[in-house]
Chemist: 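Have a look at this one.
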Amino acid sequence: MKEGFLIGGGLIFAGLMLQLAVGGVAWAAFAWPTNGIVLAAFLAIAAALFVLRRRVYAFRFIATYQSAIPTLVYAAILTTVMGLTRQTVDGKWLGNMLSFWPFVLIYVYMALTLALVILKQLRAVMTHRSLSTLRPSLLLHLGLFIALTTATLGNADMQRLKMLTMVGQPEWRALTQEGVVRDMPLAIELKRFIMETYDDGSPKRFASKIQVLTKSGKDIQATVDVNKPVEVDGWRIYQYGYDTAMGAMSQTSILELVSDPWLPLVYTGIYMMLGGAVCMFVFGGRRQRA
């Protein structure tokens, strides 16, 4: 266990040195296809470590609970700090934990531990050539690995833009978080802005009736609420804002457009984790009674 905490501490120290030397992790550099190449290389490294585990003690140690538990402790502490600290896209150090090297290195090491544990469990199944050796923990570990890696690497491909729409004027352009104007694969026209208020005049609900036109020929009429986005060709359209000076008479509506192509894989991993947890509860209880 001491070795596990020393390794985790070493990763945090190395991360701090990298943070001082090169700044935060530049996730934009990992956009597709780079993130796909990185994932393939990571899997190849994990496979190589698994093959060499009997010859090298360090590789064998990574897949043990003495390594996993300290890593989980460090990850839990850093994640708690993340939850207690205001996170911004342009934040520094603890203000942007997703780009904070110690945070990233700990999670990479945790993903490596998961990969070796999964390979170890799969080898047991292949060795006995029987599905009876399958354990619910395999589903849980595999789901966590998929969710962890795809959420991290997919972050580089996520796009979040703002679009100012006006009544009677189709808009093809949107603004990135960096303030860059981009032409979009779809146009949105505001048909009508909707606002419902409480008795004191404060907003109760605001939404937009919109028409969406795509370059593929789709023509969609929809209503976008704050918590009820509309999905078109991989883009989720959210209600974001409006002309507060005009209130219910606003002729403009600000929409947020979000694209996250890796999100289905993240959800797949989460569902696998839930399935593994349920199976562990059900079948684990049966084994104990047996």
Side-chain angles (χ1 to χ4, degrees), residues 24-43 46 75 78-79 82-83 87-91 96-100 103-104 106-108 110-112 114-115 118 138-163 174-178 180 182-188 207-208 210 212 214-216 218 220 222-241 254-278:
V25 180
W27 285 113
F30 289 87
W32 182 263
T34 303
N35 46 16
I37 296 172
V38 169
L39 180 58
F42 181 82
L43 293 174
L78 290 170
T79 304
M82 178 182 179
Q87 301 293 303
T88 59
V89 176
D90 56 350
N96 188 359
M97 290 291 283
L98 292 178
S99 297
F100 187 46
F103 182 87
V104 173
I106 285 294
Y107 270 86
V108 168
M110 186 164 67
L112 183 60
L114 278 170
I118 291 167
L138 174 59
L139 189 61
L140 185 65
H141 290 147
L142 188 57
L144 179 57
F145 178 80
I146 292 173
L148 187 62
T149 54
T150 55
T152 303
L153 292 173
N155 183 58
D157 290 326
M158 178 185 285
Q159 300 180 67
R160 193 181 294 271
L161 305 98
K162 302 291 190 304
M163 179 183 284
L175 199 65
T176 67
Q177 292 177 308
E178 294 76 23
V180 179
R182 277 192 48 191
D183 290 329
M184 302 297 293
L186 49 83
I188 303 177
S208 298
I210 60 172
V212 184
T214 69
K215 291 183 178 180
S216 60
K218 293 181 181 178
I220 300 170
T223 300
V224 181
D225 277 83
V226 175
N227 296 316
K228 297 179 180 178
V230 174
E231 187 165 354
V232 180
D233 289 352
W235 288 92
R236 290 194 172 195
I237 305 170
Y238 293 85
Q239 178 69 50
Y240 186 80
I254 303 173
L255 304 176
E256 184 176 54
L257 283 70
V258 179
S259 173
D260 190 354
W262 291 66
L263 190 59
L265 290 173
V266 177
Y267 281 140
T268 298
I270 293 173
Y271 292 140
M272 290 174 69
M273 289 169 58
L274 292 173
V278 171

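Note that the structure is predicted; figures quoted are calculated from it, not measured.
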Chemist: Which atom pair, heavy atoms only, marks the closest approach of A75 to T79?
Modeler: O-OG1, 2.6 Å

Chemist: Check whether any side-chain heavy atom of F30 sits under 4.5 Å from a side-chain heavy atom of T152, and report yes or no.
Modeler: no

Chemist: Enter the distance from L144:CG to T149:OG1 here, rounded to the nearest 0.5 Å.
Modeler: 9.0 Å

Chemist: What I'd like to find out is whether the side chain of D233 reaches to under 4.5 Å of the side chain of S216, using heavy atoms alone.
Modeler: yes

Chemist: Could you pull out the closest heavy-atom pair between A156 and N35, with the gap in Å?
Modeler: CB-ND2, 4.4 Å

Chemist: Identify the heavy atoms of M97 and L78 that sit nearest to each other, and give their distance.
Modeler: CE-O, 3.2 Å

Chemist: Rounded to the nearest 0.5 Å, what separates atom CZ in R236 from atom CZ in R160?
Modeler: 11.0 Å

Chemist: Got a second to check how far D183's CG is from K215's NZ, nearest 0.5 Å?
Modeler: 6.5 Å

Chemist: Any donor and acceptor pair, going by atom type alone, linking the side chain of W27 with main-chain N or O of L98 inside 3.5 Å?
Modeler: yes

Chemist: What side-chain donor-acceptor pairs closer than 3.5 Å can you find for residues 257-271, not counting sequence neighbours?
Modeler:
| unit_1 | atom_1 | unit_2 | atom_2 | d |
| --- | --- | --- | --- | --- |
| W262 | NE1 | D157 | OD2 | 2.8 |
| T268 | OG1 | P264 | O | 2.8 |

Chemist: Between M82 and F100, is any pair of side-chain heavy atoms under 4.5 Å apart?
Modeler: no

Chemist: Can you name the residues that form a ring-ring contact (aromatic ring centres under 6.0 Å, His included) with F145, not counting sequence neighbours?
Modeler: none

Chemist: Can you tell me how far the CG atom of L139 sits from the CG atom of L274, to the nearest 0.5 Å?
Modeler: 9.5 Å

Chemist: How many angstroms lie between atom OH of Y238 and atom CG of D225, to the nearest 0.5 angstrom?
Modeler: 13.0 Å

Chemist: Nearest 0.5 angstrom please: I118 CD1 to I146 CD1, how far?
Modeler: 7.5 Å

Chemist: Sequence neighbours left out, what passes ring-ring contact (aromatic ring centres under 6.0 Å, His included) with Y107? Give chain and number order.
Modeler: F103

Chemist: Are side-chain heavy atoms of M163 and Y240 found at a separation under 4.5 Å?
Modeler: no

Chemist: Specify the closest pair of heavy atoms between V224 and I237, including all atoms of both residues, with the distance to one decimal.
Modeler: CG1-O, 3.4 Å

Chemist: Are Q239 and L255 side-chain neighbours, meaning at least one heavy-atom pair lies under 4.5 Å?
Modeler: yes

Chemist: At their closest point, which heavy atom of L161 faces which heavy atom of A174, and how far apart are they?
Modeler: CB-CB, 3.9 Å

Chemist: Measure across M272 and G143 and return the closest heavy-atom pair with its distance rounded to 0.1 Å.
Modeler: CB-CA, 3.7 Å

